[in-house]
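Below is one structure; the comments refer to it alone.
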Protein chains: 2
Amino acid sequence: MNIGTAAIESGVSAKMIRHYEAIGLLAPAARRENSYRDYGARDVHELRFIGRARRLGFSIEEIRVLINLWRDGKRPSREVRRVAMAHLQDLETRIAEMQAMAQTLQKLVADCRGDSRPDCPILDDLGSSCCT
Amino acid sequence: MNIGTAAIESGVSAKMIRHYEAIGLLAPAARRENSYRDYGARDVHELRFIGRARRLGFSIEEIRVLINLWRDGKRPSREVRRVAMAHLQDLETRIAEMQAMAQTLQKLVADCRGDSRPDCPILDDLGSSCCT
DNA sequence: CTTGACCTTCCAACGATGGGAAGGTGTATC
DNA sequence: GATACACCTTCCCATCGTTGGAAGGTCAAG
């Protein structure tokens with residue numbers, strides 16, 4: 001299977017497949033006589049793994065850990081759980097921060113008449129000399 | 001006022017102040033005979049504006065728009081409101097996506113015993129051949 | 001044989017920030 | 001005055017994940 005087909009099958013772009021290989025996340029693909037990369041079902045499965053993990057917001061380094069645990073059929077599930085929980089915690093912190101931002105913005109937008117007059121609480125607040 | 005002092009006063013690092021100048025977000029600062037940049041209260045105020053907007057998650061390009069509106073005392077508040085609302089919408093979309101991720105992860109973590117046995121629903125799910 | 005779709009490698013960019021080198025300047029202390 | 005140290009200047013590089021493109025090789029259909 002060529003890289004393009006593998007990309008379609010796995011949902012990971014050809015560009016990224018090469019990139020993942022370059023940074024050592026994937027083992028170098030087998031090559032044909034063309035020097036074209038050659039992929040099989042196993043590779044596609046692994047790519048799909050990476051794709052799903054990326055879509056869940058795992059970083060490349062987190063995936064590097066996960067994929068090694070995945071390849072090792074005997075790993076204790078404790079470790080996998082630890083990685084997932086750490087990522088979950090990260091995620092929840094970031095969500096809370098973004099919610100705080102959104103709340104502030106909502107308040108500002110609600111206070112702004114949004115008409116043709118120049119008075120605008122949004123800019124007043126952004127420009128306020130107050131802390132942080 | 002030197003750039004370092006302006007950085008402390010505004011909460012924007014000296015590195016970033018130079019960067020904002022380089023990309024044209026800020027007008028080139030006045031220079032002394034030293035060729036040191038020289039800042040006044042107005043500049044600090046503007047920097048504080050940028051800092052607050054960054055902390056609210058506005059992108060540089062959004063800030064470029066906002067700061068022009070801010071400098072223009074006669075701008076209609078409608079435009080400011082539009083920028084803020086667009087950003088708010090973005091933010092809320094991203095929050096929803098991250099919440100979906102977190103929910104999926106929570107389910108996976110809850111299903112995983114996290115003991116020394118290799119069975120792990122998290123990896124099973126990541127590796128599953130199912131869609132997307 | 002030509003055309004177009006694919007593959008290869010390499011280089012650069014994004015957005016926002018930080019690190020650091022190499023060199024000039026300001027000020028305080030000995 | 002000399003020395004030390006803190007600050008300033010410009011410049012380049014790294015991050016992280018991804019995308020774009022150039023320049024060139026290969027394959028298959030018309």
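What you see below is based on every heavy atom in this structure, not just the backbone, and it leaves out hydrogens, waters and symmetry mates. Predicted, not measured: the structure shown is a model, and the values here were computed from it. In the text below, chain A, chain B and the rest are named by the order of the sequence lines, each starting its count at 1.
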**Prompt:** Are there more than 12 heavy atoms of other residues, nucleotides or ligands under 6.0 Å from atom CZ of B/R32?
**Reply:** yes
**Prompt:** According to a strict under-4.0 Å criterion, is B/R31 in side-chain N/O contact with OP1 or OP2 of D/dT10?
**Reply:** yes
**Message:** Quick check: do B/R52 and B/R55 have side-chain heavy atoms less than 4.5 Å from each other?
**Reply:** yes
**Request:** Give the rounded distance in Å between these two atoms: CZ of A/R55 and P of D/dG17.
**Result:** 15 Å
**Request:** Measure from CZ on A/R32 to C1' on D/dA28 and round the result to the nearest Å.
**Result:** 14 Å
**Request:** Using a strict 4.0 Å threshold on nitrogen-to-oxygen distance, state whether A/R64 and A/E61 make a salt bridge.
**Result:** yes
**Request:** Would you mind reading off the distance between A/I60 atom CD1 and D/dA14 atom P, rounded to a whole angstrom?
**Result:** 19 Å
**Item:** Nucleotide range of DNA chain C lying under 4.0 Å from chain B heavy atoms
**Value:** C/dA16 to C/dG26
**Complete:** 5'-most contact on DNA chain C (nearest-nucleotide basis), B/K15 vs B/Y20, goes to B/Y20
**Request:** Please report the shortest heavy-atom distance between A/L26 and A/I50, naming the atom on each side.
**Result:** CD2-CD1, 3.7 Å
**Among D/dC7, D/dG20, D/dG17, the one nearest B/Y36 by side-chain distance** = D/dC7
**Prompt:** Quick one: do the B/Q106 and A/E92 side chains pair a donor with an acceptor below 3.5 Å?
**Reply:** yes
**Request:** Using five pairs at either end of the helix from C/dC1-D/dG30 to C/dC30-D/dG1, determine the angle between the two local helix axes and round it to 10 degrees.
**Result:** 20°
**Request:** For A/I3 and D/dC27, give me the distance from atom CD1 to atom P, rounded to whole Å.
**Result:** 16 Å
**Prompt:** Does D/dG25 have OP1 or OP2 sitting under 4.0 Å from an N or O in the side chain of A/N34?
**Reply:** no
**Message:** So A/R18, base contact, sugar-phosphate only, or nothing? Heavy-atom distance under 4.0 Å.
**Reply:** base
**Message:** Can you confirm whether A/N2 sits close enough to A/Y39 that some side-chain heavy atom of one is under 4.5 Å from a side-chain heavy atom of the other?
**Reply:** no
**Message:** Please check: side-chain N/O of B/S35 versus main-chain N/O of B/R31, any donor-acceptor pairing under 3.5 Å?
**Reply:** no
**Asked** Salt bridge check: are A/R48 and A/E9 linked by an N-O gap of less than 4.0 Å?
**Response** no
**Asked** To the nearest Å, how far apart are A/F58 CZ and D/dT18 P?
**Response** 14 Å
**Request:** Using atom NE2 of B/H19 as one end and atom C1' of D/dT10 as the other, report the distance to the nearest whole Å.
**Result:** 15 Å
**Prompt:** Rounded to whole angstroms, how far apart are CD1 on A/I23 and C1' on D/dT15?
**Reply:** 13 Å
**Message:** Does B/R54 reach a base, just sugar-phosphate, or nothing at all? Heavy atoms under 4.0 Å.
**Reply:** sugar-phosphate
**Asked** For B/M85, does the CE atom sit with more than 12 other heavy atoms under 6.0 Å from it, leaving out its own atoms?
**Response** no
